[in-house]
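Handing you a structure now.
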Number of protein chains: 2
Amino acid sequence: MNNLSLPVTDYLEMETANILLYDDNEALRISMEALISESVDLNLLGAMHTPQNVVSDIQTLHPDVILMDIDMPGMNGVEAVKNIRAYDEKLPVIMLTVFDDNENIFNAICAGASGYILKRYASEEIPSAIRTVMSGGAPMTGSVARKVLQMLPTAKSEEQEDYKLSKRETELLQLLVNGFSYKMIGYELNISLDTVRSHIKKIYDKLHVHSATEAVSLAIKKRIV
Amino acid sequence: MNNLSLPVTDYLEMETANILLYDDNEALRISMEALISESVDLNLLGAMHTPQNVVSDIQTLHPDVILMDIDMPGMNGVEAVKNIRAYDEKLPVIMLTVFDDNENIFNAICAGASGYILKRYASEEIPSAIRTVMSGGAPMTGSVARKVLQMLPTAKSEEQEDYKLSKRETELLQLLVNGFSYKMIGYELNISLDTVRSHIKKIYDKLHVHSATEAVSLAIKKRIV
DNA sequence: CGGAAAACCACATCATCATGCGATTGATTG
DNA sequence: CAATCAATCGCATGATGATGTGGTTTTCCG
């Protein structure tokens, strides 16, 4: 059940994905190699048994996607992801694991993993997962996705206040939260300084605040932005 | 609290998934009906144009899965999910929407939605999404899954950057985040305005920012306060 | 003891923000 | 068609913030 798969036709124009695999289990490396070689748009650059030198591996081979086992002796897969993230902010990393416990999932996501596939579904899900991650998605085995959802605050029963900010105002507020000065905002949106002032005053009125710091704080805490 | 996953066996035994659809757009209801009728294991119980009476609909028709449009006049799809959850803790609800903004996703998940599919991918993803949700998974369009991941605490690579703020500085920053002006901070801590300035300047240096809004934003996002 | 760091204060200056009072345009709507 | 509203812009003024330079006192630690 590769629930996240999209029709192959969506990817006809996609260039080949160069893949780098890390797993200490030789049998799995071999079967994964076979699996990947079945797809013409997937190319396995290499299959390493340890992520000890993951960053230099990347520098040498320039993969588009990393497949990373989570349970490896020596260096943990989660640690490896952290190292990758320190070197490359965006390189997609799909975790492969037999476990789908909350602890592992949480750690992997926080470390910066892009996807999380259980090995028992790997043969069905890996090819589409690679395509998903290449197009900016986050492939997850169904049960993992469910657990990820449960990590989000569910208590949120209380009503979210509606401040009724206009689209433009929300945009301004977003920039304010990102630390932009009025001048920078004006330049960014191609509007005059006075217009920025005008918008921000209205935002303050709607949020019932009187300063940028209050607005920023409220915006973040109430998830307006 | 690890009874997170649904009892899978409850659903695996079922031959056919009985589906109930809510969407105010008639064209979409018709095309969805056609899509579902293509699969022998999927059965559309009904296609409603409003979730006004969703709970009594469920009591009458006993669906296995709900497909719920998020943007409907009258009653919002998210509200409908809350009503469903108040009646049935586990009944799978898959949200259908054209938007994948954070606000909508977050609200839907918090309300208790089990999946989140963008309409532009609906024809390809719905059948497998229904099967996924029936077996306890959480089907999501790739881009949605990515955004869900981003909602989780991004501890990121370096455990937690240490800005080495002194105790007093952290205190000042806390007040700044709470929207206090320099004057108010001084009054609160019984120190002079110039001392407040002095402290805040040092905080800015340590956080590598140049304005209160940047400091507040960083403080909240990096959980310094 | 001596040095470092934290917390405190003062003065000065320029930049930026907060606020109020208008005013124009275009799109939407009853 | 009139009314509303979002978005734009201008001017003016006082308040507040950002930055620099320099200083004192206390506390803590090797």
Side-chain angles (χ1 to χ4, degrees), chain A residues 161-222 224-225, chain B residues 24 71-74 76 98-99 101 103-104 160-222 224-225:
Chain A
E161 271 175 274
D162 185 9
Y163 297 99
K164 286 176 181 147
L165 293 187
S166 74
K167 192 177 174 184
R168 193 58 157 175
E169 285 160 358
T170 307
E171 203 173 356
L172 272 278
L173 183 54
Q174 177 75 64
L175 292 172
L176 209 55
V177 167
N178 288 337
F180 283 52
S181 69
Y182 286 19
K183 203 182 276 184
M184 292 159 74
I185 293 174
Y187 181 78
E188 185 70 22
L189 300 179
N190 283 311
I191 57 180
S192 83
L193 188 58
D194 279 311
T195 304
V196 176
R197 287 200 179 99
S198 168
H199 280 304
I200 299 229
K201 182 67 186 114
K202 281 167 194 150
I203 293 171
Y204 287 180
D205 287 345
K206 290 184 181 179
L207 299 188
H208 308 302
V209 300
H210 303 281
S211 72
T213 54
E214 285 182 274
V216 168
S217 182
L218 192 72
I220 297 176
K221 289 176 178 171
K222 298 274 185 173
I224 299 173
V225 292
Chain B
D24 62 306
D71 322 289
M72 281 178 290
N76 184 283
V98 292
F99 302 113
D101 57 298
E103 187 67 10
N104 264 329
Q160 179 76 317
E161 261 172 283
D162 187 10
Y163 296 99
K164 287 174 182 150
L165 295 187
S166 73
K167 193 177 173 184
R168 192 59 155 174
E169 284 161 358
T170 306
E171 203 173 355
L172 272 277
L173 183 55
Q174 176 75 64
L175 291 173
L176 208 56
V177 167
N178 288 338
F180 282 53
S181 69
Y182 286 18
K183 203 181 276 185
M184 292 160 74
I185 293 175
Y187 181 76
E188 185 71 20
L189 301 178
N190 283 309
I191 57 180
S192 84
L193 188 58
D194 278 311
T195 304
V196 175
R197 288 201 177 98
S198 168
H199 280 304
I200 299 227
K201 180 68 186 115
K202 280 169 195 150
I203 294 172
Y204 287 179
D205 288 344
K206 290 184 180 178
L207 299 189
H208 308 301
V209 300
H210 303 281
S211 73
T213 54
E214 285 180 275
V216 168
S217 183
L218 192 72
I220 297 176
K221 289 176 178 170
K222 299 273 184 171
I224 298 172
V225 293

Does anything in residues 170-183 of chain A pair up under salt bridge (charged side-chain N to carboxylate O under 4.0 Å, His left out), and if so which pairs, sequence neighbours excluded?
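Checked against salt bridge (charged side-chain N to carboxylate O under 4.0 Å, His left out) - neighbours excluded - the pairs reaching residues 170-183 of chain A are A:Arg168-A:Glu171.
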Give one of base, sugar-phosphate or nothing for A:His199, where a contact means two heavy atoms less than 4.0 Å apart.
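Base: the residue A:His199, judged by heavy atoms under 4.0 Å, touches a nucleobase.
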Checking side-chain contact (heavy atoms from CB on, under 4.5 Å) for the pair B:Leu175/B:Leu189: CA distance, chi angles, key distance, verdict?
CA-CA 10 Å; B:Leu175 291 173; B:Leu189 301 178; 3.9 Å; yes
Which letters describe nucleotides 25-30 of chain D, given B = protein heavy atom under 4.0 Å from base, S = only from sugar-phosphate, - = neither?
------
Where does DNA chain D pair, written as one dot-bracket string 5' to 3', with Watson-Crick or G-U pairs under 3.5 Å, ( ) inside the strand, [ ] for crossing pairs and | for another strand?
||||||||||||||||||||||||||||||
Please state how far atom CD1 in B:Ile203 lies from atom C1' in D:dG17, giving the value in whole angstrom units.
14 Å
Taken to the nearest whole Å, OH/B:Tyr204 to C1'/D:dT16 is 11 Å
With sequence neighbours left out, what residues match A:Lys202 under side chain to side chain donor-acceptor pair (under 3.5 Å)?
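Partners of A:Lys202 by the side chain to side chain donor-acceptor pair (under 3.5 Å) criterion, ordered by chain and then number, come out as A:Ser198.
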Report the distance from atom NZ of A:Lys201 to atom P of D:dC5, rounded to the nearest whole Å.
18 Å
Ignoring hydrogens and geometry, is there a side-chain-to-backbone donor-acceptor pair from B:Ser217 to A:Val177 under 3.5 Å?
yes
Qualifying side-chain hydrogen bond (donor to acceptor under 3.5 Å, both in side chains) pairs with a residue from residues 204-216 of chain B, counting only residues at least two apart or across chains:
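Only B:Glu169-B:Lys206, B:Lys201-B:Asp205, B:Ser211-B:Thr213, B:Ser211-B:Glu214 qualify under side-chain hydrogen bond (donor to acceptor under 3.5 Å, both in side chains).
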Per nearest nucleotide of DNA chain C, the residue lying toward the 5' end, B:Leu172 or A:Ile200, is B:Leu172
Nearest heavy-atom pair of B:Phe180 and B:Ile185: which atoms, and what distance?
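Taking every non-hydrogen atom into account, CB-CG1, 3.6 Å.
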Between C1' on D:dC9 and CG on A:Leu189, what's the gap in Å once rounded to a whole number?
15 Å
Atom-pair distance (CD1 on A:Ile191; P on D:dT8), nearest Å
5 Å
Range on DNA chain C touched by chain A, heavy atoms, distance below 4.0 Å
C:dT16 to C:dG20
Please give me the minimum heavy-atom distance between B:Ala219 and B:Leu173, naming the atom from each residue.
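Shortest heavy-atom separation between B:Ala219 and B:Leu173 comes out as CB-CD2, 3.8 Å.
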Could you check how far OH of A:Tyr182 sits from P of D:dG17, rounded to whole Å?
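It is 12 Å, rounded to the nearest whole Å.
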Does anything in residues 185-194 of chain B form a side-chain hydrogen bond (donor to acceptor under 3.5 Å, both in side chains)? List the pairs, not counting sequence neighbours.
B:Ser192-B:Thr195, B:Asp194-B:Arg197
Results of side-chain contact (heavy atoms from CB on, under 4.5 Å) for B:Asp24 - residues two or more places apart only
B:Asp69, B:Met72, B:Pro73
I'd like a list of close polar pairs between nucleotides 10-15 of chain D and the protein, N/O only, cut-off under 3.5 Å.
{"unit_1": "D:dC11", "atom_1": "N4", "unit_2": "A:Asp194", "atom_2": "OD1", "d": "2.9"}

